[in-house]
There are 2 protein chains.
Amino acid sequence: MLSGSCIYGLRAAIYVAAHTSNDSYVSIREISEKLGISFHFLTKILQRLTEGGVMKSHRGPGGGVTLARPAARISILEIVEILDGPDIFRSCILGLPGCGELQPCPLHKEWSQYRERLRSMFGRSTLSRLAGKVSEGRLRLADVPGK
Amino acid sequence: MLSGSCIYGLRAAIYVAAHTSNDSYVSIREISEKLGISFHFLTKILQRLTEGGVMKSHRGPGGGVTLARPAARISILEIVEILDGPDIFRSCILGLPGCGELQPCPLHKEWSQYRERLRSMFGRSTLSRLAGKVSEGRLRLADVPGK
DNA sequence: CCTAATTCAGATTAATCAGTCTTAAATTAA
DNA sequence: TTAATTTAAGACTGATTAATCTGAATTAGG
Ligand code: FES
Ligand code: FES
């Protein structure tokens with residue numbers, strides 16, 4: 001469903017939202033260790049989120065990344081569209097070009113409906129709500145829960 | 001969402017359902033040309049569908065593949081699970097192991113709901129209904145509609 | 001029996017994605 | 001100014017998937 005990069009980016013973003021307060025920076029090294037993601041790989045993914053306007057970064061001691069906006073105004077839809085491209089919510093389930101514009105495929109009616117629901121569900125899921133769940137509840141972001 | 005092989009397999013299966021009557025065989029060459037899919041690649045995909053019990057094949061002149069059962073009793077869910085594995089409707093959206101068994105991730109509640117809806121939608125979509133749409137309506141299975 | 005048509009099987013290549021490694025640039029603090 | 005810390009950038013390797021190619025096995029028809 002989602003690419004590996006996208007999954008890592010989402011988990012990292014939720015982690016940052018849950019572990020940052022008033023614009024403090026979290027180092028990529030810490031995120032990679034806590035979530036069990038390769039450091040260098042994660043660096044590139046977070047760079048793309050920074051370019052995409054979801055995060056901002058700072059170099060040097062005490063640096064790292066943090067959210068570019070309040071977590072309540074960042075949806076996972078935005079992150080998914082940055083990392084996997086905006087077409088995953090627009091493309092044909094049978095891989096045919098021009099879904100919605102040209103002749104539909106036999107699954108178009110059902111699929112486009114479902115696709116739109118998933119999109120809006122992603123749009124409603126903000127980082128603050130997800131991070132809140134992680135902080136308060138008994139939810140996990142990594143295989144071995146390292147808090 | 002679905003792998004390339006799976007998309008090809010679905011389109012081919014719908015094509016067969018729409019172009020076969022009372023157990024006549026359709027050659028893989030014909031399917032590959034009409035749908036614009038590499039012949040040898042499609043051969044392997046249809047082999048897996050044959051092993052999976054969805055199709056049966058016959059060699060020699062006049063041979064080819066055909067559905068192993070009436071099209072009304074083959075759902076695209078079955079095809080997807082053969083070609084992409086049964087886990088795509090069971091796995092965590094954040095890629096964590098043990099979805100539904102271990103601690104849930106922050107998106108589990110929403111995701112597992114939509115996942116189940118998609119699964120049942122696929123289960124309700126039989127080859128006969130889809131092939132019917134293709135035959136009667138103005139729907140397409142290939143980029144350049146070659147009937 | 002012979003030939004053409006066809007699926008089956010395996011090896012090989014190409015492309016994409018995931019992950020690693022090395023070095024540079026920026027920043028902070030002593 | 002120097003050293004330590006951190007992200008940025010790019011080259012490189014490895015794994016998985018997609019696609020191609022070659023040849024064998026099976027079958028129908030003359
Ligand atoms: S044309 Fe296939 S889903 Fe829209
Ligand atoms: S644990 Fe993530 S979707 Fe179930």
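Keep in mind that what you see is a predicted model, and the values were worked out from it rather than measured. In what follows, every chain begins at residue 1, and chains take the letters A, B, ... in the order their sequences are listed.
- Counting to the nearest Å, the C1' atom of dT7(D) and the NZ atom of K56(A) are 16 Å from each other.
- I28(B) comes within 4.0 angstrom of the backbone, heavy atoms only, and of no base.
- Whole-Å rounding puts the L49(B) CG to dT7(C) P distance at 14 Å.
- Rounded to an integer number of Å, the gap from L42(A) CG to dC21(C) P is 16 Å.
- With dG19(C), dA8(D), dA9(C) as the choices, the nucleotide that has an atom nearest any side-chain atom of S38(A) turns out to be dG19(C).
- The nearest whole Å value for the distance from the CD1 atom in I7(A) to the P atom in dG19(C) is 10 Å.
- With S24(B) contributing its side chain and T20(B) its backbone, the two residues share no donor-acceptor pair below 3.5 Å.
- By the 6.0 Å contact criterion, CZ on R73(B) is open, its count of non-hydrogen atoms from other residues, nucleotides or ligands being 12 or less.
- Residues I31(A) and L46(A) meet the side-chain proximity criterion, which asks for heavy atoms closer than 4.5 Å.
- Spacing between atom CE of M55(A) and atom P of dT7(D) amounts to 12 Å, rounded to whole angstrom units.
- Criterion: ILVMFWY side-chain heavy atoms under 4.5 Å apart, direct or through other members. Under it, L35(A) and L49(A) are part of a common hydrophobic cluster.
- Atom CD1 in I45(A) sits about 13 Å away from atom P in dC17(C), given to the nearest Å.
- Remark: Q47(B) is not in phosphate contact with dT7(C), judged by side-chain N or O atoms under 4.0 Å from OP1 or OP2.
- For the pair V16(A) and L127(A), the minimum side-chain heavy-atom distance is 4.5 Å or more.
- Side chains of L139(B) and H108(A) form no contact here, defined as non-hydrogen atoms less than 4.5 Å apart.
- Taking each heavy atom of S5(A) and L83(A) in turn, the nearest pair found is O-CD1, 3.9 Å.
- Here the P atom of nucleotide dA4(D) and the CZ atom of R29(A) are 17 Å apart, to the nearest Å.
- Remark: L77(A) CG to R124(A) CZ distance equals 11.0 Å, nearest 0.5 Å.
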Item to complete: Between protein and nucleotides 22-30 of chain D, map the contacts as a letter string: B base, S sugar-phosphate only, - none, heavy atoms under 4.0 Å, written 5' to 3'.
Response: B--BBBS--
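- Separating the CE atom in M1(A) from the CG atom in L94(B) is a distance of 12.0 Å, to the nearest 0.5 Å.
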Practice prompt. Heavy atoms under 4.0 Å is the rule here; annotate nucleotides 12-18 of chain D 5' to 3' with B where the base is hit, S where only the sugar-phosphate is, and - elsewhere.
Written response: ------S
Item to complete: Step by step, work out the salt bridge (Lys or Arg N to Asp or Glu O under 4.0 Å) result for R119(A) and E81(A).
Response: CA-CA 10 Å; R119(A) 189 185 142 92; E81(A) 288 191 329; 2.8 Å; yes
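- Counting heavy atoms from C-beta on, the side chains of Q113(B) and R117(A) never come closer than 4.5 Å.
- As a whole-Å value, the separation of L2(A) CG from dC17(C) C1' is 15 Å.
- Annotation: proximity of residues 78-97 of chain B to DNA chain C (heavy atom, distance under 4.0 Å) is found for no residue.
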